[in-house]
Amino acid sequence: MFKQIPMKAVICTQYGTPEVLQIQEVSKPIPKDNQILVKIVAAAVNSGDVRVRSLDVKGFEKVIMRLVLGISKPRKPILGTVFSGVVETVGNNVSRFKAGDKVFGMTGFNFGTHAEYIAVNQNGTVMEMPENATYEEAAAIIFGGQTAIHFLEKAKIAEKLNPKILIIGATGSVGTAAIQIANYYKGDITAVCSSEGYKLVNELGVTNVILYDKDDFTKQTEKFDIIFDAVGTSSKKQCENLLNKNGIYTSVSSGYASENIQQLQLLKELFEKEEFKAVIDRTFQMDEIIKAHQYVDTGRKKGNVVLRISE
Ligand SMILES: NC(=O)c1ccc[n+]([C@@H]2O[C@H](COP(=O)([O-])OP(=O)(O)OC[C@H]3O[C@@H](n4cnc5c(N)ncnc54)[C@H](OP(=O)(O)O)[C@@H]3O)[C@@H](O)[C@H]2O)c1
């Protein structure tokens, strides 16, 4: 019998406001033969985490979410889908990692990263961190980066030469990553954001900016090869007139951005080449988890919110 060792974790005790989150002691995981045990240094609090916590969806989607996540509270009570940290121990069959490796990764619907430790499969979405990244930066680039890569690949970005791209909602976690992924594909970008977000998108290299609090982006005459709604506020119908022939509209509202190791690899490479940077709005300590969720709940964060788990 293994001795149970306690660790701290943020437990989502039920669906609701940020106050449903509590720091509790739970058993530190013991890695299985093909797993690595990671001491988490940083995670992020993302729009996905607050959506699960609040179950803020309407109608039939709410029923589906309860079936998938848990009827009255999350079946997996430790939220958080991204992490960076240090490998503490490895299972008997692990060959890809060793104790001491600095790693970052994503757990998707397995959640579990708002905790001091996590055991993940060595063949999961986990790899060595970008060499030049801090733990905060490594944790911050994953969620938006992975989502942006998924939707821009869905829009066949790699098949187009210097595509003209409209990014709606360019200042969130997904939007700031989408700008950088579009830059990597030599896209000619127009960004839609608020006046408050102008400086940030400009710093990310975008000069064509439509401020949604001043202008209606649907009224412009420009046409695009790709329209990516990174915030999910538009409809395809509303944007149809803005598409070139064979142009593609895609939105975060259409489907789930599944994660894979290739996305993580691309983010690592771009970060190491300084072609992708971590946009961090605020950093909270683990015991400030309620404040962190309250801030993400506003829907107004710029880039990412990091959760510092350990030193
Ligand atoms: N389908 C998927 O798998 C998937 C994956 C990830 C995320 N998502 C969804 O994608 C959305 C964005 O996620 P996120 O993590 O990037 O969110 P986020 O970081 O919370 O970003 C919200 C950003 O959008 C801006 N914004 C708000 N309303 C806007 C509007 N009408 N037009 C343009 N910009 C607006 C906000 O700035 P201002 O208030 O200053 O404008 C803020 O910077 C969320 O709804 C999330 O649930 C879906």
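Each ligand, and each atom within it, is numbered from 1 in the order the structure gives. Heavy-atom basis, side chains included; hydrogens, waters and symmetry copies ignored.
In this pair, H114 and H293 present their aromatic rings perpendicular. The plane angle is above 60°, beyond the 30 to 60° band.
Here's the thing with V174: one of its N/O atoms is less than 3.5 angstrom from an N/O atom of ligand 1. Geometrically, ligand 1 and A257 share a nitrogen or oxygen pair separated by less than 3.5 Å. The N/O atoms of G255, backbone and side chain alike, include one that comes under 3.5 Å of an N/O atom in ligand 1. For ligand 1, one of its N or O atoms has an N or O atom of V252 under 3.5 Å away. Checked against a 3.5 angstrom limit, the closest N/O atoms of T171 and ligand 1 fall inside it.
The part of R51 lying near ligand 1 is the side chain, judged by heavy-atom distances below 4.0 Å.
The contact set between ligand 1 and Y256, taken as ligand atoms under 4.0 Å from a residue heavy atom, comprises 3 (O). Close contacts of ligand 1 with K301, meaning ligand atoms under 4.0 Å from a residue heavy atom, involve 18 (P), 19 (O), 20 (O), 23 (C), 42 (C), 43 (O). Taking every non-hydrogen atom of S194 and a distance limit under 4.0 Å, the qualifying atoms of ligand 1 come out as 38 (P), 40 (O), 41 (O). The distance from ligand 1 to the heavy atoms of G169 drops below 4.0 Å at these ligand atoms: 33 (C), 34 (N).
The closest non-hydrogen atom to atom 30 (C) of ligand 1, taken over F217, Y212, Y295, comes from Y212. Of the candidates S47, G232, A148, G172, S47 brings a heavy atom nearest to atom 14 (P) of ligand 1.
Looking only at protein heavy atoms, the nearest one to atom 39 (O) of ligand 1 is R300 NE, 2.6 Å.
Close to ligand 1: A230, with a non-hydrogen atom less than 4.0 angstrom away. For the ligand labelled ligand 1, residue T233 lies inside the 4.0 Å heavy-atom shell. A heavy-atom separation below 4.0 Å is not found between G144 and ligand 1. Under a 4.0 Å heavy-atom criterion, G303 is in contact with ligand 1. At least one heavy atom of T147 lies less than 4.0 angstrom from ligand 1.
Proximity of a side-chain donor or acceptor of R51 to a complementary backbone N or O of N46 within less than 3.5 Å is not detected.
Cation-pi geometry between K236 and Y249 is not met at under 6.0 angstrom from the ring centre and within 45 degrees of the axis.
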